[in-house]
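Working notes, beginning with the structure itself.
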Amino acid sequence: MADISVTLPDGSGRLVADGSTVLDVAASIGSRLAQAAIAGTINGTDVDVSTVVKDGDVVAIVTTNSDQGRHILRHSTAHVLAQAVVQLFPGAHYTIGPAIDDGFYYDFALPNSQTFSDDDLRVIDKRMREIVAAGQPFERSELSADEALLVFADQPYKCEIIERVRSGVADGSDAAEVGAAETISVYRNTDSFLDLCLGPHVRTTSQLGHFALMKVAGAYWRGNEKGPMLQRIYGTAWENAAALKEHLVRLEEAAKRDHRKLAVELDLLSFPQELGGGLAVWHPRGAIVRKLMEDYSRQRHLDGDYQFVYTPHLANAQLFETSGHLDFYADGMYPPMEMDNGVYYPKPMNCPMHCLIFDGRQRSYRELPMRLFELGTVYRYERAGTLHGLLRIRGFTQDDSHIFCTEDQMADEITSLLDFVMSVLRRFGFYDFEFNLSTRNPVKSVGSDDIWEKATAALAEALHRHGVEYKVKEGDAAFYGPKIDLDVRDAIGRKWQLSTIQCDFNLPERFGLEYVGSDSARHRPIMLHRALFGSVERFFGVLLEHYAGAFPAWLSPVQARVLPVASAHEDYARTVLNRLKKSGFRADMTAADEQLGKRIRNSKLEKIPYVLVVGDDDVANDTVGVNPRGGEVERDVAVEAFIQRLDAEVLDGQSGGE
RNA sequence: GCCCUCUUAGCUCAGUCGGUAGAGCAUUUCCAUGGUAAGGAAAAGGUCGUGGGUUCGAUUCCCACAGAGGGCUCCA
């Protein structure tokens with residue numbers, strides 16, 4: 001048989017026998033590679049390892065320890081899940097089951113609106129392992145739509161997908177199942193189980209097995225809340241036992257950082273049931289941290305030439321009619337209060353009120369850019385199921401600013417805003433930023449093409465000037481203007497969306513805002529909305545998770561705790577405490593009513609940065625024993641030296657770190 | 001709002017096959033004064049989320065509501 005030549009990713013050529021498959025190519029390179037091969041790519045297209053290569057093809061082998069490989073084995077595991085469910089729950093309809101970050105899910109419709117229980121998960125898991133042990137092959141075949149409809153005649157959701165392919169409306173939501181192509185591919189595991197799928201898949205189920213079923217959840221068919229509610233099973237799957245274990249440990253670590261758990265443990269804040277859902281009260285420990293955050297924010301805004309304003313929590317309905325919020329977002333607002341002189345609403349945002357301030361008198365171009373700043377508390381009636389600790393809450397405070405400027409000022413203003421945002425976030429220990437630029441949704445937007453183009457260009461320009469990478473989210477802008485969103489990565493690599501910078505062409509129009517230009521004519525200002533923390537509550541929650549409750553010294557509720565070894569040292573301990581307080585530190589003391597070890601333990605659990613132990617030696621020498629959070633104990637430190645050290649650390653926290 | 005699960009002492013959790021409840025930690029008091037992550041003893045603490053229903057009797061079974069958790073949808 002004649003040889004053909006294929007090219008490998010490193011550019012080298014390779015001769016293989018005509019009719020060779022991707023797996024044969026892998027085998028020709030090495031037997032271990034062939035073992036690890038679960039799929040391949042030919043000329044950039046994902047394929048099964050059983051696919052035959054042609055002369056001149058560029059062939060790559062996909063192994064399990066790559067993102068692409070894991071994606072494939074997760075998707076294959078989803079098929080195994082579907083087979084197990086179909087076997088165990090006769091009459092179950094299976095719908096779609098894609099791979100996702102770290103795992104996969106599969107959505108099912110069970111007969112008679114049955115639901116899965118946790119016990120069911122255990123049974124399903126067991127059956128899945130039997131399927132893995134059986135080493136079933138994944139055999140690909142291609143069918144016409146008519147053939148496929150016949151094969152899946154008793155699977156209405158599959159038929160719907162097939163019909164969508166036939167009528168050419170299949171889109172991203174169908175992508176895991178079928179391609180955009182006219183032919184429909186299916187993968188067969190056994191004579192009785194096959195599934196619509198674009199592929200590729202592993203060769204056999206025996207290449208799978210390092211998976212865990214995580215949870216059951218409800219999910220709407222096609223994400224449509226008017227559509228049927230399906231039963232979704234989430235799972236995670238990895239290339240080997242170690243990777244699976246690592247993932248599960250990571251989840252445990254993240255759970256330990258849960259801000260709702262830490263808020264209770266550290267006595268920071270609570271959500272009393274009597275208050276109502278999504279409403280928090282701040283306890284002294286949490287309130288002091290919040291105050292420090294707000295003080296810091298205020299100081300930075302003063303430095304940045306912002307003008308401080310205050311606006312009330314209620315407003316006449318007319319205001320929100322003017323702003324358009326009542327038209328668009330009435331569902332998300334707390335209900336109206338009818339008074340003798342009109343109808344009032346709690347404010348869901350601050351912008352309309354800031355517009356009133358701008359509009360309070362005639363404005364000159366000389367006043368622009370005018371930057372109004374407020375820590376403004378707003379109320380939004382978030383739907384019950386969406387509440388989530390501090391991250392999604394019904395009453396919250398935005399570090400909200402509205403900047404009124406001319407079109408020409410827009411680019412500079414946005415550029416300096418980006419500096420400002422990053423500088424503030426760095427102070428809270430975030431150094432890894434990702435930017436998203438959301439552009440116009442042509443169907444739903446206000447404002448002229450010209451102004452959209454200018455504003456989008458100004459945002460892009462600012463990003464370019466900073467030399468930062470950014471993703472463009474086409475059509476993701478609000479109806480009133482384009483925006484930049486900023487995501488940060490926390491200490492364990494999770495992504496959080498925090499800051500936002502938005503252009504608004506709508507409110508200036510609706511409120512008829514104007515300024516007098518140097519040409520003596522009236523012009524409409526551009527309005528920029530921006531929040532750095534986003535909401536103080538949400539930012540606090542993210543910060544809690546980021547620091548795992550161990551706030552840096554400048555933010556810690558208690559910076560140092562003095563512990564006398566025995567009662568005899570209490571007087572001295574008190575003088576040390578007073579010196580710390582006089583130096584401006586937040587410090588306290590725990591009397592020797594309990595053993596030293598226990599008091600140290602409790603202080604550590606409170607994540608206090610410094611525990612100062614004082615005994616006979618210290619009384620004699622004016623020293624302390626310093627037990628720092630996460631560090632080594634140091635004895636005989638002069639009190640003055642410790643104060644200077646802490647002073648430097650706090651100062652560095654507030655102003656260093658750039 | 002939708003699907004599932006949950007709600008017992010300040011916290012973390014047992015428990016009652018329907019006969020009004022227990023532990024550890026925390027709290028208070030007493031003893032102990034201990035140099036770097038839990039010393040000992042005692043006391044106090046609960047209309048078992050709320051409201052209805054079934055029952056001789058409900059914290060337990062049923063229903064509704066509220067709140068929480070996991071998802072979906074939504075997030076100006």
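Keep in mind that the numbers below use all heavy atoms, side chains included, and drop hydrogens, waters and symmetry copies. Keep in mind it's a predicted model, so treat the numbers as computed, not measured.
The side chain of A/Ile600 lies closest to B/A37, out of B/C72, B/A37, B/G34. For A/Arg232, taking side-chain heavy atoms from C-beta onward, the closest of the listed nucleotides B/G34, B/G1, B/C72 is B/C72. Checking B/C3, B/A76, B/G34 against the side-chain heavy atoms of A/Met229 singles out B/C3 as nearest. Taking only side-chain atoms of A/Leu596, from C-beta outward, the nucleotide of B/U27, B/U36, B/A76 with the closest atom is B/U36. Nearest to the side-chain atoms of A/Thr115 among the listed nucleotides B/U33, B/C4, B/C2 stands B/C4. The side chain of A/Lys215 has B/G70 as its nearest neighbour among B/G70, B/C11, B/A76. When distances are taken from the side chain of A/Val613 to each of B/G70, B/G35, B/U33, the shortest belongs to B/G35. Closest approach to the A/Lys598 side chain among B/C74, B/G70, B/G39 is made by B/G39 (side chain taken as heavy atoms from C-beta onward). When distances are taken from the side chain of A/Arg392 to each of B/C75, B/G71, B/A76, the shortest belongs to B/C75. Among the nucleotides B/U33, B/G1, B/A66, the one closest to the side chain of A/Thr386 is B/G1.
Taking the C1' atoms as reference points, B/G51 lies 25 Å from B/G15, given to the whole Å. Across B/C62 and B/U16, the matching P atoms stand 16 Å from one another, rounded to whole Å. B/A37 and B/C25 have their C1' atoms separated by 15 Å, given to the nearest Å. The C1' atoms of B/C48 and B/A21 are separated by 8 Å, rounded to the nearest whole Å. Across B/A58 and B/G53, the matching C1' atoms stand 11 Å from one another, rounded to whole Å. Only the C1' atoms considered, B/U59 is 15 Å distant from B/C17, to the nearest whole Å.
Counting any heavy atom pair closer than 4.0 Å across all strands shown, A/Asp618 reaches a base atom. Nucleic acid contact for A/Ala592: base, since at least one base atom lies under 4.0 Å from a heavy atom of the residue. Residue contacts shown for A/Gly615 include a base, since a base heavy atom lies under 4.0 Å away. At the heavy-atom level, A/Gly223 lies under 4.0 Å from the strands shown only through sugar-phosphate atoms. Using a 4.0 Å heavy-atom criterion, one finds that A/Phe328 contacts no nucleic acid atom at all. Residue A/Gly385 is classed as a base contact, given a heavy-atom separation below 4.0 Å to a base. When heavy atoms are screened at a 4.0 angstrom cut-off, A/Tyr234 is found touching the sugar-phosphate backbone but no base atom. Contact annotation for A/Tyr480: backbone-only contact, meaning every heavy-atom pair under 4.0 Å involves sugar-phosphate atoms and none involves a base. The residue A/Asp617 sits close to a base: some heavy atom pair falls under 4.0 Å.
Of the residues listed (A/Arg257, A/Arg494, A/Lys261), the one engaging A/Glu545 in a salt bridge (Lys or Arg N to Asp or Glu O under 4.0 Å) is A/Arg494, and it is the only one.
Atom pair A/Asn602:CG and B/C11:C1' shows a separation of 13 Å (rounding to whole Å applied). Distance CD (A/Gln595) to C1' (B/A32): 8 Å, rounded to an integer number of Å. Atoms CG (A/Leu121) and P (B/C4) sit 15 Å apart, rounded to a whole Å. In this structure, A/Tyr334 atom OH and B/A76 atom C1' are separated by 16 Å, rounded to whole Å. For A/Asp267 and B/U27, the CG to P distance is 12 Å, given to the nearest whole Å. Remark: C1' of B/C72 and CD1 of A/Ile233 are 15 Å apart, rounded to the nearest angstrom. Computed from coordinates, the A/Arg260 CZ to B/U12 C1' distance equals 17 Å when rounded to whole Å. Nucleotide B/G39 holds its P atom 8 Å from the CD atom of A/Glu594, rounded to whole Å.
Each of A/Lys604 and A/Ala566 was matched to the nucleotide of RNA chain B holding its nearest heavy atom; the match closer to the 5' end belongs to A/Ala566.
Remark: aromatic rings of A/Phe108 and A/Tyr106 are close, center separation under 6.0 Å.
Closest of all the heavy-atom pairs between A/Arg74 and A/Ile100 is CD-O, 4.1 Å. In plain terms, the two heavy atoms of A/Phe551 and A/Ser556 that are nearest each other are O-OG, 3.0 Å.
In the displayed structure, A/Gln497 atom CD is contacted under 6.0 Å by more than 12 heavy atoms of other residues, nucleotides or ligands. More than 12 non-hydrogen atoms from other residues, nucleotides or ligands lie less than 6.0 angstrom from NE2 of A/His93.
With a 3.5 Å ceiling on both atom-pair distances, the Watson-Crick or G-U wobble partner of B/A41 is B/U29. Partner assigned to B/A14 is none, using Watson-Crick or G-U wobble distances below 3.5 angstrom.
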Given A/Asp487 and A/Trp496, is the side-chain hydrogen bond (donor to acceptor under 3.5 Å, both in side chains) satisfied, shown in steps? CA-CA 5 Å; A/Asp487 298 339; A/Trp496 305 90; over 6 Å; no
So A/Leu81 and A/Phe104, side chain to side chain contact (heavy atoms under 4.5 Å, CB included) or not? Walk me through it. CA-CA 10 Å; A/Leu81 168 60; A/Phe104 59 91; 3.8 Å; yes
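Phosphate proximity of B/G70 to A/His388: present, with a side-chain N or O under 4.0 Å from OP1 or OP2. Between A/Tyr105 and B/G70, a side-chain N or O to OP1/OP2 separation shorter than 4.0 Å is absent. Residue A/Arg380 has no polar side-chain atom (N or O) positioned under 4.0 Å from OP1 or OP2 of B/C75.
For A/Thr377 (side chain) and A/Thr397 (main-chain N/O), no donor-acceptor pair under 3.5 Å exists by modelled atom type.
Classification of the A/Tyr480-A/His529 ring pair by plane angle, with boundaries at 30° and 60°, yields tilted.
With sequence neighbours excluded, the residues satisfying side chain to side chain donor-acceptor pair (under 3.5 Å) with A/Ser270 are A/His283.
Scanning residues 504-512 of chain A for heavy-atom distances under 4.0 Å to RNA chain B yields an empty list.
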